[in-house]
Amino acid sequence: MKIIKYFSVALAVILFSTSISPAQQDAMFFRAAGSPPNPKVQASWNKYYTNAGIADLCSRLAKAYPNLVTMESIGKSYQGRDIIVLTVSDKKAGNPDLKPGFWIDGNIHSIELQGTEMALYTAWYLCEMYATNNFIRELLAEKTFYIAPTINPDAREYFTSVGVPPRSGLVPRDNDRDGKFDEDGADDMNGDGEISQMRRKNPEGSYIADPKDPRRMIRVEPGQKGEYELLGQEGIDNDGDGQVNEDGPGGYDGNRDWGFNWEPNYIQSGADKYPFTFPENQAVRDFVSKHRNIAGSQSFHNSGGMILRGPSVQGGGAEAYSSADNAVIEAIGRTGEKIIPGYKLLTIWKDMYTVWGGELDWMHGAMGCFVYSNELWTPYLMFYDTLNTDQYEFDRLLLFEDAFIPWQKINHPVYGEVEIGGFSKNYGRLHPGFLLETDAHRNAAFCIYNAYQLPKLEVTKVAVKNIGNGLKEVSATIENKRMIPTHSASNLRFRIDPPDYITLEGAGTVLAGMIVRNEDLNINTEQKKNPARLEIQNIPGYLSGGSGGGQGGRGGMSGGGTGNVVKVKWIVKGGDKFTVRVESMKGGQASAQSQ
């Protein structure tokens, strides 16, 4: 009777909760600052999504917010899974593909799961805050986010269901060069869905159990008698070649496959046959190449608590940044250090190691974007202490040893009696659940700040002056209100995108069009061909200090002044009401009329 009574009460609670109206739900909670008060799309941020969970959340966002979200598959993985991209922007405020765009992707490396959660959280947060937050609403009116939660769905499926794959995807490779493919990977010998460590008792071994915490293996001191030897990941010699786990699934590096500063495998370990060997990267390449409005990019990896910037090769290769671009990258990155405590802005080649054929270099060097790659999770987050980063203590005090698999004896066909155990695959490089949402929000905030700094063009002044003989002078001032220019240095150098165009409409005949170099001295550069549509090589952001712009390419004054302002004028015959229209591939569009 007691069980039935408890069940009835629980059922009544469930039925009551499902029938609560939105107004009643509001009455049950008090809103926390910076969080959606009552999300349309319920989501959990203290666990990791499977591929099925990713597709479900994305489809629910698209259904709940049809005016903000478009969901599409941009291609298929090697095993035929969809590579999902969410386009998030206010569609009523203009065509998303004509606004400055910001690309986000995660999980290119199979063991770096939480990049997906960072990407998903960003999409979810933008949607859920749109109705109540003016900043988010204005941002989505002006900018577009293209968000790919995982660009390695095959290996994510393997990780969340089967075991621990390599960093790569699952295209078969002959890692031990014996003519066979993926024939000797790790084996889940105790059937717990994990690939743990193996140890064997051996008085001549180099390890003992830590007397203070027997879960931990520590090296013996010189002259001290050992207790255990470590045998590596659990597994057997599947192909009988005398080696264990030497040829598991995949075995390449998807972040050494991009067609910029690429080098073959004998120079860059992990590279494959040629750039863009793999279908997942091909899908991203094709999508980004078709969306030239993408001006900024963020990829998510793990681990180490780093905000990585380029270049990835000493000297920069062909994608070396100009001083103006470098100032932008540094300024945004330093703000990122404030947004995400414990994370440090680092230059890849200088502060880490050289990377040939990385996504970051391709995005900047081939696509002309301003790019970051965050290495998620840092031991600092355990105790908010750079000195105390003890994983065992953190697991004991905050996770109650939930991250550790107790040592278990099994019989190994080669090694005899061994013990299997150690930290779970969801610990070490991955956030514990209670810290996942905090870091997701901070990394999403960094993406939002970065997207906010994409170009915002405004025609701030259109003036008309009669100059006699039936002629008029029409002048206009165009300003970039944000930090990032319409063209990076590599964009200008390789002519990745067309120039920006400033067009005069409403004139009977445009006799001359020119870019103002010095308004006080009346120094101008006339464009002889098609004067109604002026070509501007670059409209700098507000950090430029006067470099770039006009027809002078990377140097010279910026169209009539300093920094982020371009001034132009036309001599026209006929017309009373004039419209000045600005069109920029990565800077969006703007227009204004004369009074």
Side-chain angles (χ1 to χ4, degrees), residues 78 103 105-112 115 148 151-152 155 165-177 250-289 294 296-304 306-322 325-326 329 333 344-376 429 488-491 493-494 496:
Y78 170 73
W103 170 267
D105 68 53
N107 198 200
I108 190 172
H109 290 140
S110 57
I111 57 177
E112 301 174 3
I151 56 176
N152 192 356
R167 283 160 55 90
S168 70
L170 295 184
V171 179
R173 286 294 178 263
D174 179 14
N175 297 320
D176 58 350
R177 308 187 72 174
Y252 49 90
D253 190 330
N255 201 34
R256 308 295 185 269
D257 181 52
W258 299 79
F260 200 89
N261 282 344
W262 184 88
E263 293 288 351
N265 191 64
Y266 69 88
I267 292 176
Q268 174 58 73
S269 176
D272 207 71
K273 300 174 182 177
Y274 43 80
F276 294 114
T277 298
F278 303 107
E280 298 87 353
N281 291 352
Q282 293 170 14
V284 174
R285 174 200 63 192
D286 294 346
F287 182 88
V288 174
S289 296
I294 295 175
S297 171
Q298 172 73 55
S299 61
F300 286 116
H301 296 249
N302 77 27
S303 60
M306 293 175 273
I307 302 170
L308 297 180
R309 52 152 296 176
S312 304
V313 178
Q314 186 173 8
E319 93 293 359
Y321 298 166
S322 69
D325 288 356
N326 190 69
I329 290 288
K344 299 298 180 185
L345 177 65
L346 302 175
T347 300
I348 293 175
W349 77 265
K350 183 171 62 176
D351 299 312
M352 290 182 60
Y353 43 74
T354 296
V355 174
W356 300 97
E359 181 187 7
L360 185 150
D361 280 4
W362 180 80
M363 279 286 191
H364 182 79
M367 292 291 103
C369 299
F370 287 77
V371 193
Y372 297 90
S373 177
N374 288 11
E375 295 285 351
L376 303 165
R429 297 176 66 96
S488 67
S490 61
N491 198 329
R493 179 179 180 182
F494 298 113
I496 295 169

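FYI, side chains are in, hydrogens and waters are out, and symmetry mates aren't considered; it's all heavy atoms of this structure.
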Validation row: Glu112, Leu376 side chains within 4.5 angstrom (heavy atoms): no

Any donor-acceptor pair under 3.5 Å from Ser303 side chain to Arg429 backbone: no

Within-4.5 Å side-chain heavy-atom neighbours: Ile294 and Cys369: yes

CA sep, side-chain torsions, deciding dist, call: His301, Asn255, side-chain contact (heavy atoms from CB on, under 4.5 Å): CA-CA 10 Å; His301 296 249; Asn255 201 34; 3.7 Å; yes

Pair Phe287 + Trp103: ring centers closer than 6.0 Å: yes

From CZ (Arg173) to CG (Asp272), nearest 0.5 Å: 4.0 Å

Aromatic contact, Tyr321 with His364 (centres under 6.0 Å): yes

Any side-chain heavy-atom pair of His109 and Asn302 under 4.5 Å: no

For Trp362, the option from Phe276, Trp356, Phe260 that meets ring-ring contact (aromatic ring centres under 6.0 Å, His included): Phe276

Side-chain heavy atoms of Glu375 within contact of Ile307, under 4.5 Å: no

Flag side-chain contact, heavy atom, 4.5 Å: Leu360 against Trp258: no

Residue pair Asp257 / Tyr252, side-chain heavy-atom distance below 4.5 Å: no

From CD (Glu359) to CZ (Arg256), nearest 0.5 Å: 11.5 Å

Donor-acceptor contact below 3.5 Å, side chain Asp253 vs main chain Ser168: no

Pair Ser312, Asp361: side-chain N/O donor-acceptor within cut-off below 3.5 Å: yes

Side chain Asp325, main chain Ala489, donor-acceptor under 3.5 Å: yes

Donor-acceptor pair, side chain of Glu280 and main chain of Asn152, under 3.5 angstrom: no

Residues in side chain to side chain contact (heavy atoms under 4.5 Å, CB included) contact with Thr347, at least two apart in sequence or another chain: Arg309, Pro311, Trp349, Lys350, Asp351

Non-hydrogen side-chain atoms of Met352 and Met306 separated by less than 4.5 Å: yes

Sub-4.5 Å side-chain heavy-atom contact between Val171 and Phe278: yes

Between CD1 on residue Ile329 and OG on residue Ser322, distance to nearest 0.5 Å: 10.0 Å

